[in-house]
Amino acid sequence: MAKFDETPIIKDPAVKGELRPPKIREHASAEVKCHPSKPKDTAAINLPSELVPDWQERAIARFGELLDKNQALRVYMDACVRCGACTDKCQFFLGTGDPQNFPVARAELMRKVYRRYFTPAGLVPGLGDAADFDEEMLQKWYTYFYQCSECRRCSVFCPYGIDTAEITAAAREIMASIGISTKYVTEVVAKVYETGNNLGIPPLAWIDNSEFLAEDMEEITGLPIQFPVDEEGADILLIPPSADNFANTDTMIGYGKLFHFLGVSWTTSTYCNEAGNFGLFLNFENLQKVNQRMLEAGRQLGAKTIIWGECGHAWRAGILTPTLSGSMDDFDPPYPYHISQYIVDMFRKGAFEGHIDKSANDEFLVTYHDPCNSARAGNLLDEPREIIRNTCNRFVEMPRNTIRENTFCCGAGGGLLTDELMPIRMAGGKPRAEAVKYTQANYLATVCAICKAQLPELMKYWEVPVQVGGVIDLLANSLKLK
Amino acid sequence: MPMIDLDGVQLEVDEDGFIENPDEWSEKLAAAIAKTEEVEELSEDHWKIVNYLRDYYKKFGIAPMIRKLCKETGYDLKTIYEMFPSGPAKGACKIAGLPKPTGCV
Amino acid sequence: MSTSDILWTLLSLFFIGLAYFATFAFVAGLLWRLYGYLRTPMPLPHSLTPAPKTEGGAVLRVLGDVTLFPNLFKADKWLWAGAWIFHAALVSVLFRHLRYFTYPVPGIVLYMEPVALFFGILFGVAALFLFWRRLGLPRTLYISNIPDYFILVLLGLVAATGLMVSYWMHVNIVDVKSFILGLMTFRLVEVPRHPLFLLHLFFILVLMIYFPFSKLMHAGGIIFSPSRHQPFQVQVRGKRYKNPVERY
């Protein structure tokens, strides 16, 4: 694995949690690239399988279309003054030292092309700081727009709120249209259409998993905790990230215990058992198609409401649902509805009163990692904390400049959770790992399946002895079931 | 396309070394892949897990839930990590000839 | 007419032509760009959370962005100080320039007399600071390009020549004002015969022409940034609220 700078970047964490940016190391991460997509996957999701012959013209044409359709892109192409405020804010720069990972430098890769083809500066490329969209530029796009996790941290510190995520998304959209995409993202999207979820769990396996969990719960608790599948007429359709019913089973058990305790009828759907939306990491068309499936599943089963499970970018796409996929009027408000909001609503209604034993979590010193998407795109800042405070005695926050809207990405969001990017993932996760280390917590709670997959590896790599789990897991621990 | 060489027979594998066609799997191949996964020798315990994975995959077309794997084979997760250093989803599945689990794992 | 009279007449024609062209380029270019931002839709909700829940709150957030640069304050205190002083001084100096464009001159502009020099110098110093910051820090040096230096140098020259003609090699203000009012009322008046002033004017006109096609459009873009001007209103928590759990 390519090693990046190992010196800590959180300066005197015990005092301030101040960040110390590393020295610039040009091209440090230039060679870390995603595997290109496979024809079988691209064919399934309506993308060209290889670089199309007239790729330059088509890319520029697509760029022009996006500029006319997306105010954010148009404004962000012009507004940047290169003040440098963002240069020490991106975890991928902080971790790698590669200046192309400055948010501004990443965005400039696209702005150079914009200026070349869409502004008078293109007439004097050198002076006007414009560049052709050639082979070399395409390679840079492919490398560095897949070293951005679209986490929006830079946007918090930009005087104009320039959101690199929007620029990265546009660049990926353009690349996808000319046949350049990554194996990880396209494979996952293709699997959603084939099996209903990112992991590719077929319906029979999903049912088997759910039955297994019910039996396991019966053995452990003696209670008939059910994990219903495809139950028509259930009140709640829960759409978890599929990883909850595969790797993060404690979170899945959490949902089961919660609904069992409340005595509500709920179900999952084998048509759509994935909250995560990798279309967000690829292009608009697939973002919309994947999102549509949730409402379809809800209508098929006649659910009264749809609840999004613990998944970060699912919630980012989730809050777009009424805009992306049409009215949700036929479901009961509130909508879109996140499981954390649901739990907090239940707490406020007094549903758990007298049934929470906080001491059950006393072995844990809990800290909370804000997933970038739920915090900065989904406004889910207080709910998870309220749940933790209501279920745990020992809760500690990480330094202020690393939580809430200032949170660091785990290092693997935005379609980067793939093995070939491991050096970038471990480097990019460094600020997060150091902040966790500073708290000395032994339980790192979060509400995102990507974080839950990345963080254990990250903590191992940076030698932070901490267990990673969901927020609902803590609720389930402390809940006195009946 | 990357290949793996097994006694002169070339097999297609993906970029991460997972074989492309699970039907080409053989015990000999498993032993060969194991060496690339820091597993020197496939013990009886290893085989128990590998066989469970293969049986489950044949039945359901996917790797089993990790919790189920632990319960039905009787090894806890820690032991599995000791046996397969890169974990059940990567190391064990690769040796068992399953496709690589991908998504949020 | 002497040779020098002919020269000044030619110069006057040049500056008059350039002034009208620059004004046209500036106004038309600016409107065209702003219209471009305005007419481009934002297909999806895009507010950066935590965000105001109402339109009014979002307007306040943008107003805050325009006047106080809160994000920059969070990001880098030195840069914030430099940038804020730079912009505040620029606005003051521009405001002070109203005395060349209005008749009679509003009282408040006249009252600025004692502090005008201060703002002028402050502007120059802030520009120098920003220029030094570009060159002096490895990270900003890496991202700075010709246009960045060009604009700072241009603004610095505007400030320097402006200060010089105001406080050192005085230009005749009556000449300046009659020239500018002449331009505004489409009467041809000769330029003030003061080379340094003409240089000052020339730099400003170049800046005006360059403005709509450059990063100076951040002045308009800041109002149209979807992550800032959109309230977070994506969730329906309507009166129809009916939890599936009847007991609660």
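Residue numbering restarts at 1 for every chain, and letters A, B, ... go by the order of the sequence lines.
- Per-residue heavy-atom pair counts under 4.5 Å with chain C were compared for A:Leu324, A:Asp163, A:Leu73, and the maximum is reached by A:Asp163.
- Among the candidates C:Thr140, C:Asn145, C:Leu72, the residue making the largest number of heavy-atom pairs closer than 4.5 Å to chain A is C:Asn145.
- Atom NZ of A:Lys23 has 12 or fewer heavy atoms from other residues, nucleotides or ligands within 6.0 Å.
- With a 4.5 Å cut-off on non-hydrogen atoms, A:Pro336 touches chain C through its backbone and its side chain both.
- The CZ atom of A:Arg115 sits 10.5 Å away from the OG atom of C:Ser214 when rounded to the nearest 0.5 Å.
- Heavy atoms of A:Leu287 lying under 4.5 Å from chain C belong exclusively to its side chain.
- Residue A:Asn379 comes nearest to C:Pro50 through the heavy atom pair OD1-CA, 3.4 Å, listed as atom of the first residue, atom of the second, then distance.
- A:Arg82 is listed as a side-chain neighbour of C:Pro147, based on a closest heavy-atom distance under 4.5 Å.
- Taken from OG in A:Ser155 to NE2 in C:His46, the straight-line distance is 6.5 Å, to the nearest 0.5 Å.
- Between C:Pro226 and A:Tyr76, the closest side-chain pair of non-hydrogen atoms falls below 4.5 Å.
- Note on A:Val156, A:Thr119, A:Asn406: by heavy-atom pairs under 4.5 Å with chain C, the leading option is A:Val156.
- The contact between A:Ile319 and chain C is made by backbone and side chain atoms together, counting heavy-atom distances below 4.5 Å.
- The 12-atom threshold is not exceeded at CZ of C:Phe24, counting heavy atoms of other residues, nucleotides or ligands nearer than 6.0 Å.
- Chain C forms more heavy-atom pairs under 4.5 Å with one residue of A:Lys69, A:Glu405, A:Arg152 than with any other, namely A:Arg152.
- You'll find the side chain of A:Phe93 reaches within 4.5 Å of the side chain of C:Arg139, heavy atoms only.
- Annotation: side chain of A:Tyr160 is not in contact with side chain of C:Asn71 (no heavy-atom distance under 4.5 Å).
- Shown here is C:Phe118, whose CZ atom has no more than 12 heavy atoms of other residues, nucleotides or ligands within 6.0 Å.
- With C:Thr40 contributing its side chain and A:Gln71 its backbone, the two residues share no donor-acceptor pair below 3.5 Å.
- When heavy atoms are compared at a cutoff of 4.5 Å, A:Asp382 does not approach chain C at all.
- Under the 4.5 Å side-chain criterion, counting only non-hydrogen atoms from C-beta, C:Ile143 is not in contact with A:Glu108.
- The shortest heavy-atom contact between C:Ala75 and A:Ala85 is CB-CB, 3.8 Å.
- Proximity to chain A is limited to the backbone of C:Ala51, based on heavy atoms less than 4.5 angstrom apart.
- Heavy atoms of C:Tyr142 lying under 4.5 Å from chain A belong exclusively to its side chain.
- Note: C:Thr49 leads C:Ile146, C:Val234, C:Thr49 in heavy-atom pairs under 4.5 Å with chain A.
- Both the backbone and the side chain of A:Leu127 come within less than 4.5 Å of a heavy atom of chain C.
- A:Ala121 does not touch chain C: none of its heavy atoms, backbone or side chain, sits under 4.5 Å away.
- In terms of non-hydrogen atom pairs under 4.5 Å with chain A, the most contact-rich of C:His229, C:Arg228, C:Arg134, C:Met217 is C:Arg134.
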Quiz item: For C:Lys74 and A:Asn401, what are the C-alpha separation, side-chain angles and deciding distance, and is it a side chain to side chain contact (heavy atoms under 4.5 Å, CB included)?
Solution: CA-CA 9 Å; C:Lys74 271 187 282 181; A:Asn401 55 357; over 6 Å; no

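- In terms of heavy-atom pairs under 4.5 angstrom with chain A, the leader among C:Ala83, C:Pro138, C:Gly220, C:Ser227 is C:Ser227.
- Options A:Gly378, A:Gly84, A:Pro322, A:Ala105 differ in how many heavy-atom pairs under 4.5 Å they form with chain C, and the most are formed by A:Gly378.
- Remark: A:Asp78 does not engage C:Lys215 in a salt bridge, criterion side-chain N to carboxylate O under 4.0 Å.
- Counting heavy-atom pairs closer than 4.5 Å to chain A, the top residue among C:Leu130, C:Asp76, C:Leu79 is C:Leu79.
- Proximity to chain C (any heavy atom under 4.5 Å) is shown, for A:Cys83, by both the backbone and the side chain.
- Counting heavy atoms of neighbouring residues, nucleotides and ligands inside a 6.0 Å radius, atom CD of A:Glu26 exceeds 12 of them.
- The choice from A:Leu67, A:Leu381, A:Ile162, A:Asp88 that makes the most heavy-atom pairs within less than 4.5 Å of chain C is A:Asp88.
- At a 4.5 Å heavy-atom cutoff, the contact between C:Phe213 and chain A is made by side-chain atoms alone.
- Counted within 6.0 Å of CZ on C:Phe129, heavy atoms from surrounding residues, nucleotides or ligands total more than 12; the atom is thus considered enclosed.
- Around atom CZ of C:Phe21, no more than 12 heavy atoms belonging to other residues, nucleotides or ligands sit under 6.0 Å away.
- Taking C:Ile151, C:Ile222, C:Ile223 one by one and counting their heavy-atom pairs under 4.5 Å with chain A, the maximum is reached by C:Ile222.
- Between chain C and the residues A:Ala375, A:Cys86, A:Ser265, the most heavy-atom pairs under 4.5 angstrom are made by A:Ala375.
- For A:Val81, the parts sitting under 4.5 Å from any heavy atom of chain C are the backbone and the side chain alike.
- With a 4.5 angstrom heavy-atom cutoff, A:Ala303 does not touch chain C via any of its atoms.
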